[in-house]
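Keep in mind that this is a model prediction, so the values were computed, not measured. Residue numbers start from 1 in every chain, and the chains themselves are labelled A, B, ... in the order their sequence lines are given, proteins ahead of strands.
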Amino acid sequence: MGAGHSHLLHRPGHSPVHALPPHCKIAATFGFVVLVVATPREAMWAFGAYAVLLGAVAATARIPAGFLLKRLLIEIPFVAFALLMPFVAEGERTPVLGLSLSVSGLWGAWNVLAKGTLGVAASVLLASTTELRALLTGLQRLGLPSLLVQIASFMIRYGDVVTAELRRMSVARRSRGFEARGVRHWGVLARTAGALFIRSYERGERVHLAMVSRGYTGTMPMLDETAATRAQWAYAAALPATALAVCVMGYAL
Amino acid sequence: MNHTPANPGDATPSLEVSGLAYAYPDGHQALFGVDLTVGKGERVALLGPNGAGKTTLVLHLNGILGGGVGTVTVAGLPVAKQHYAEIRRRVGIVFQDPDDQLFMPTVREDVAFGPAAAGLRGAELEERVRAALDRVGMADFADRPPHHLSFGQRRRVAVATVLAMEPEILVLDEPSSNLDPASRRELADILRSLDVTVLMVTHDLPYALELCPRSVVLSEGVIAADGPTQDLLCDEPLMRAHRLELPFGFDPASVAVA
């Protein structure tokens with residue numbers, strides 16, 4: 001329980017990228033991903049240029065390549081899906097290494113792989129240079145409804161509490177000789193889930209009571225009013241601006 | 001056996017409850033006319049068996065429950081809908097489970113929540129948070145997430161969250177529950193060092209004797225006794241009648257209280 005999940009992705013540091021206000025980084029990442037997705041898949045060199053851009057950001061943020069690549073593994077299910085496409089897609093076929101593969105499927109797979117990998121890499125970079133907390137305040141500053149931000153921040157705060165509760169229930173079950181083996185025991189697990197739901201619901205009521213007792217009226221007070229300077233915006237904009245140039249060239253060439 | 005506080009005349013009492021009766025919507029009546037006055041600066045223990053109506057009474061003090069008969073006033077201000085914001089600033093309730101009380105991602109933000117909800121911002125807010133954390137000795141933990149603290153530390157932060165609102169009266173629900181003896185003593189030292197009115201709901205009779213010169217016994221929805229804590233704890237028939245039991249080997253008469 002010691003290390004909260006907030007630390008899994010975040011890699012603390014003092015690089016210029018870490019120091020940028022979170023809302024600048026979120027906007028820059030979002031802009032970058034949109035541009036990557038908008039680039040025509042035939043402009044293969046453009047994706048290489050995007051990868052170089054991300055590499056430059058990672059270098060500025062002093063994120064080691066190994067760290068980044070390990071976090072990229074989350075993409076594997078999509079990769080599997082992409083690898084299937086050349087085999088199942090319809091249309092014109094072309095022989096590759098003795099296999100007959102669909103041309104449109106190959107393009108589709110390339111499209112999913114290239115854009116997906118770049119998108120995931122950009123998100124991993126954002127997550128590893130920005131604390132979860134800061135991401136939320138950034139989203140709030142960018143105009144995400146405060147209710148959604150509140151829900152997300154409660155998830156961060158109570159994730160560990162609920163997990164600990166689940167673990168205690170599991171310890172209590174096993175201490176009385178219960179071991180989940182096969183379908184016959186699913187009923188017990190389902191009742192555990194139900195009990196956990198009720199407990200969490202009741203905790204929610206008690207938390208709300210405590211909030212109301214301290215003057216909660218429906219909105220969270222914004223504490224850290226960190227406005228971004230023009231220079232910080234310009235710095236953050238370097239990534240999407242260069243990406244825009246690449247994207248435009250991708251259409252032109 | 002109604003005892004009046006030491007100096008009732010010299011200031012508006014922090015808390016005045018009169019004729020308070022309340023039945024829950026399901027018909028179960030929890031309070032049958034409670035009268036209680038707590039003078040400014042007093043530390044009073046609210047004792048009583050499980051189901052005596054202690055929590056119900058506490059939730060009336062800041063208007064979470066209401067709609068029954070009787071009145072509650074906090075430092076002269078009646079608990080009524082139009083005053084809820086001010087009442088909730090004046091009455092600081094520390095709930096039993098610190099995980100319920102501490103709902104923000106960091107200690108600092110949690111302590112800032114109450115004053116920020118009251119409109120405080122910037123340096124003034126920062127100063128208020130620092131002062132409150134200092135008073136419970138937790139200033140070094142301001143940027144930690146609450147779930148990384150020990151239980152005793154979380155309880156102390158929970159006290160800080162209400163101290164930050166500079167309340168007229170501090171209401172503690174079972175402050176010593178689940179604490180190891182060292183944390184228990186640390187919390188006692190903190191509570192003694194505060195110059196606010198304290199109403200402490202507890203089953204921990206030695207703790208009440210240690211901290212509160214005066215106690216009231218709430219039993220079956222009425223105040224059954226009100227007097228110096230030591231006198232009440234030594235009154236065996238009274239204690240038996242209200243299911244109050246001292247820990248094994250503890251003799252309240254043997255302790256010298258200030």
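- Side chain of Arg214(A) to backbone of Ala117(B): no donor-acceptor contact under 3.5 angstrom is found.
- In this structure the side chain of Arg157(A) reaches within 4.5 angstrom of the side chain of Asp99(B), judged on heavy atoms.
- With a 6.0 Å radius and a threshold of 12 heavy atoms from other residues, nucleotides or ligands, Phe78(A) has its CZ atom at or below the threshold.
- In Ile74(A), the CD1 atom is not crowded: 12 or fewer heavy atoms of neighbouring residues, nucleotides or ligands sit closer than 6.0 Å.
- The number of heavy-atom neighbours closer than 6.0 Å to CZ of Phe154(A), taken from other residues, nucleotides and ligands shown, is above 12.
- Applying the 6.0 Å contact sphere to CZ of Phe197(A) captures no more than 12 heavy atoms from other residues, nucleotides or ligands.
- If you tally non-hydrogen atom pairs under 4.5 Å between each of Val162(B), Asp97(B), Ile87(B), Thr106(B) and chain A, the highest count goes to Asp97(B).
- Within 6.0 Å of atom CD in Glu124(B), 12 or fewer heavy atoms from other residues, nucleotides or ligands are found, so the atom counts as exposed in its surroundings.
- The shortest side-chain heavy-atom distance between Phe103(B) and Met211(A) falls under the 4.5 Å cut-off.
- In this structure, Ser213(A) and Phe95(B) approach most closely via the heavy-atom pair OG-CZ, 3.6 Å.
- Most heavy-atom pairs under 4.5 Å with chain A, from the set Ala164(B), Ala118(B), Ala85(B), Pro146(B): that is Pro146(B).
- Distance check, rounded to the nearest 0.5 Å: CG of Asp100(B) to CG of Leu209(A) gives 9.0 Å.
- Proximity of a side-chain donor or acceptor of Arg88(B) to a complementary backbone N or O of Tyr216(A) within less than 3.5 Å is not detected.
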